[in-house]
Amino acid sequence: MHVLIADDDAFFRTFYESKLTETGFSVETAADGKQALEKAKQHIPDLILLDIIMPEKNGFEVLQELSNDPQLQKIPVLVFSSLGQEKDVAKAKELGAVDYVNKGTLDFESLLLKIFTVIKPV
Amino acid sequence: MNGVDLTTFKTLFLKTARENIEDLFAGASTLLVTPFPREVIQKAYIAGHSLKSKCQTMGYQNMAILSASFESIFRRLHENGSGHSPTPEEIAILQNAVEMCRRCIANIETNDAEIDLQDTIKALETLVF
């Protein structure tokens with residue numbers, strides 16, 4: 001399964017790429033929203049882990065563009081959230097995100113459960 | 001984050017946290033310019049957000065709360081523009097808070113422990129822009 005991680009922070013890109021790769025996923029990363037859309041078009045992922053606050057295009061803009069693209073609109077998206085972002089998560093869900101991942105408190109096993117819940121079998 | 005050995009990521013945490021802190025410092029200092037450049041403020045807002053998230057992940061709650069304050073302050077400044085011109089005293093509070101972040105990160109590196117940031121957090125709460 002192929003996952004695209006979109007996060008402007010190198011710490012989180014490296015952290016999640018490392019953990020997901022160890023678990024057996026194929027992982028690609030993007031450092032901003034514009035790059036995320038380019039990479040999603042080049043190699044359609046099974047799942048996108050998407051930060052909301054990013055330079056270039058933010059997570060909301062990425063979600064909007066994904067939903068407008070017939071090739072990309074079915075890709076499930078989990079948004080990253082952290083302390084104090086409840087309203088951002090609600091907005092992201094309105095724009096098509098299927099669920100959220102709390103970067104700060106969620107343990108990795110729970111993250112994997114969420115991923116396997118949202119990735120539909122082929 | 002539970003169930004994950006975070007020690008292997010500490011070096012990366014320290015490196016990227018320091019980068020975030022320098023963006024916060026640039027954001028605080030740019031408020032001396034009128035009108036202040038929005039892109040520097042946006043960068044500081046993103047830095048505060050990133051620092052908050054990674055401190056939360058690594059279990060550094062004092063830094064996470066302080067970073068959340070920075071994120072909130074710079075988000076408001078970014079969204080409201082130059083509607084409020086911060087006073088030199090307010091800028092000094094921000095710059096001092098950034099310095100406390102630096103000291104906290106240094107202590108985490110050396111002693112794997114945060115320093116007390118309660119007074120710094122309270123000082124940032126007095127800023128209403």
Side-chain angles (χ1 to χ4, degrees), chain A residues 5-23 29-35 49-62 78-89 91-92 100-115, chain B residues 1-21 23-24 27 38-76 78-79 105 108 121 124-125:
Chain A
I5 300 169
D7 196 312
D8 61 297
D9 194 299
F11 173 80
F12 283 110
R13 287 200 305 278
T14 304
F15 179 84
Y16 282 105
E17 181 179 20
S18 168
K19 300 309 295 179
L20 288 171
T21 302
E22 272 175 29
T23 313
T29 63
D32 60 54
K34 187 176 165 203
Q35 217 180 75
L49 293 175
L50 179 67
D51 196 19
I52 294 175
I53 298 169
M54 291 189 289
E56 296 293 328
K57 293 182 193 294
N58 63 34
F60 301 133
E61 290 167 311
V62 171
L78 290 175
V79 290
F80 285 129
S81 80
S82 56
L83 183 70
Q85 273 197 282
E86 294 77 15
K87 286 184 185 169
D88 290 341
V89 169
K91 184 176 172 182
Y100 71 95
V101 174
N102 189 321
K103 283 179 183 177
T105 59
L106 185 69
D107 64 75
F108 194 67
E109 280 189 14
S110 298
L111 168 61
L112 287 180
L113 274 173
K114 284 205 177 193
I115 289 175
Chain B
M1 177 173 281
N2 297 324
V4 175
D5 178 10
L6 295 168
T7 53
T8 53
F9 295 95
K10 189 176 172 185
T11 303
L12 182 58
F13 163 77
L14 292 168
K15 175 179 180 292
T16 56
R18 287 187 163 117
E19 289 167 1
N20 294 149
I21 289 168
D23 285 341
L24 290 174
R38 297 281 294 270
E39 62 278 7
V40 179
I41 298 302
Q42 185 191 25
K43 212 168 169 190
Y45 160 42
I46 292 172
H49 166 76
S50 294
L51 188 58
K52 173 192 75 178
S53 300
K54 64 168 72 80
C55 288
Q56 221 186 335
T57 300
M58 295 293 288
Y60 302 124
Q61 289 307 316
N62 294 346
M63 278 289 294
I65 294 169
L66 179 57
S67 304
S69 294
F70 275 118
E71 179 193 20
S72 178
I73 286 167
F74 284 114
R75 182 175 187 164
R76 287 198 300 272
H78 177 64
E79 288 173 355
I105 290 296
I108 287 170
I121 292 166
L124 284 189
E125 284 171 0

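A note on names: the letters A, B, ... follow the listed sequences, proteins ahead of strands, and every chain is numbered from 1.
The CD1 atom of A/I53 lies 5.0 Å from the CD atom of B/E71; values are rounded to the nearest 0.5 Å. Distance check, rounded to the nearest 0.5 Å: NE2 of B/H49 to CG of A/D88 gives 8.5 Å.
The heavy-atom pair separating A/D9 from B/K54 by the smallest distance is OD2-NZ, 2.6 Å. Closest approach of A/A10 and B/L12 over heavy atoms only: O-CD2, 4.0 Å. The two residues A/D8 and B/S50 have their closest heavy-atom pair at OD2-OG, 3.6 Å.
Few gaps surround NZ on B/K10; more than 12 heavy atoms of other groups in view lie less than 6.0 Å from it.
Proximity to chain B is absent for every atom of A/D7, based on heavy atoms less than 4.5 angstrom apart.
None of A/F80, A/F11, A/F12 except one satisfies the side-chain contact (heavy atoms from CB on, under 4.5 Å) rule with B/S53; the exception is A/F12.
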